[in-house]
Amino acid sequence: LPDDVPERVKMERKNRLMEIQQKISLGANRRKVGKIFTTLVERYDREERLLIGKLPTQAPEVDGEVILDGCDAKPGDVIDVRITEAMEYDLVGVPS
């Protein structure tokens with residue numbers, strides 16, 4: 001079929017969907033606050049000077065990340081993390 005949807009309309013639709021998805025994602029992340037999850041420490045962000053990890057439910061390159069605050073682990077370690085803060089896509093946690 002020919003692409004007869006104007007680019008402006010496509011962008012408006014995408015933006016509406018992204019706003020809805022952000023609310024859904026934030027709600028799901030907020031439900032994790034206070035809970036402990038096993039987390040893979042993936043990398044050290046030199047710019048932010050923080051370790052970054054992933055929960056088993058977070059897919060690489062697709063889902064958000066866990067920002068590890070006050071953590072002495074190293075990439076490759078698997079640690080228990082208590083989630084302390086939720087954002088639309090990412091979580092913040094501390095070693096448990």
Side-chain angles (χ1 to χ4, degrees):
L1 296 173
D3 186 4
D4 58 353
V5 178
E7 200 63 34
R8 178 185 57 77
V9 173
K10 291 178 189 178
M11 289 307 294
E12 287 173 1
R13 290 176 180 173
K14 177 187 172 217
N15 290 339
R16 282 196 316 243
L17 285 171
M18 289 305 294
E19 286 177 22
I20 293 167
Q21 180 55 43
Q22 286 175 343
K23 290 176 186 173
I24 293 168
S25 180
L26 180 59
N29 280 347
R30 282 183 174 159
R31 289 189 289 278
K32 292 179 173 86
V33 172
K35 296 181 181 172
I36 296 173
F37 294 92
T38 300
T39 305
L40 170 64
V41 180
E42 282 197 321
R43 63 186 170 83
Y44 179 74
D45 185 318
R46 292 187 196 285
E47 188 174 303
E48 297 294 326
R49 297 171 57 191
L50 292 168
L51 286 166
I52 305 296
K54 288 273 193 185
L55 302 181
T57 57
Q58 293 174 312
E61 300 178 21
V62 178
D63 291 324
E65 301 175 315
V66 180
I67 300 163
L68 301 168
D69 193 21
C71 185
D72 293 332
K74 61 186 181 304
D77 288 351
V78 177
I79 61 173
D80 286 334
V81 172
R82 180 181 305 280
I83 303 302
T84 59
E85 186 179 338
M87 297 172 274
E88 283 90 354
Y89 300 113
D90 297 325
L91 300 163
V92 177
V94 295
S96 174

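Ion pair R82/D69 not flagged as a salt bridge, since none of the NZ, NE, NH1 or NH2 atoms sits closer than 4.0 Å to an Asp/Glu carboxylate oxygen. Salt bridge status for E65 with R43: present, with a side-chain N to carboxylate O gap under 4.0 Å.
A distance-only check finds no donor-acceptor pair linking the side chain of D77 to the backbone of I79 [under 3.5 Å]. At distances below 3.5 Å, not a single donor-acceptor pair connects side-chain atoms of D45 with backbone N or O atoms of L50.
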Can you check side chain to side chain contact (heavy atoms under 4.5 Å, CB included) on M11 and R8, steps first, answer last?
-> CA-CA 5 Å; M11 289 307 294; R8 178 185 57 77; 6.0 Å; no
Test log, rule salt bridge (charged side-chain N to carboxylate O under 4.0 Å, His left out), inputs R16 and E12 | CA-CA 6 Å; R16 282 196 316 243; E12 287 173 1; 5.2 Å; no
Would T39 and D80 count as a side chain to side chain contact (heavy atoms under 4.5 Å, CB included) if you check the C-alpha gap in whole Å, the side-chain angles of each, and the deciding distance to 0.1 Å?
-> CA-CA 6 Å; T39 305; D80 286 334; over 6 Å; no
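Atom OG1 of T84 and atom CG of L68 lie 9.5 Å apart (nearest 0.5 Å). Summarising the geometry, atom CD1 belonging to I24 is positioned 9.5 Å from atom CG belonging to L17; distances are rounded to the nearest 0.5 Å. Atom CD of Q21 sits about 13.0 Å away from atom NZ of K14, to the nearest 0.5 Å. Between the CG atom of N15 and the CD atom of E19 there is a distance of 7.0 Å, given to the nearest 0.5 Å.
Here the closest heavy-atom approach between residue P75 and residue L51 is recorded as CD-CD2, 4.2 Å.
For E42, the side-chain contact (heavy atoms from CB on, under 4.5 Å) partners two or more places apart in sequence, or in a different chain, are L40, K54. The side-chain contact (heavy atoms from CB on, under 4.5 Å) check on Q22 picks up E88, Y89, with sequence neighbours excluded. With sequence neighbours excluded, no residue satisfies side chain to side chain donor-acceptor pair (under 3.5 Å) with R46.
Each of V92, I52, I83 was scored for a side chain to side chain contact (heavy atoms under 4.5 Å, CB included) with V66, with one residue passing: I83.
By the criterion of side-chain heavy atoms lying less than 4.5 angstrom apart, applied directly or through intervening Ile, Leu, Val, Met, Phe, Trp or Tyr residues, I67 is not grouped with V41; the two fall into different hydrophobic clusters. Cluster annotation: F37 and V33 are assigned to the same hydrophobic cluster (Ile/Leu/Val/Met/Phe/Trp/Tyr, side-chain heavy-atom contacts under 4.5 Å, transitive).
The shortest side-chain heavy-atom distance between R13 and V5 falls under the 4.5 Å cut-off. For the pair I36/S96, a side-chain contact is recorded, criterion being any heavy-atom separation below 4.5 Å from C-beta on. Between D90 and E85, every side-chain heavy-atom pair lies at or beyond the 4.5 Å cut-off. Side chains of L91 and L55 form a contact here, defined as non-hydrogen atoms less than 4.5 Å apart. Counting heavy atoms from C-beta on, the side chains of Y44 and R49 come closer than 4.5 Å.
The local environment of NZ in K35 is sparse, with at most 12 non-hydrogen atoms from other residues, nucleotides or ligands closer than 6.0 Å. Counted within 6.0 Å of CG on D72, heavy atoms from surrounding residues, nucleotides or ligands total 12 or fewer; the atom is thus considered open.
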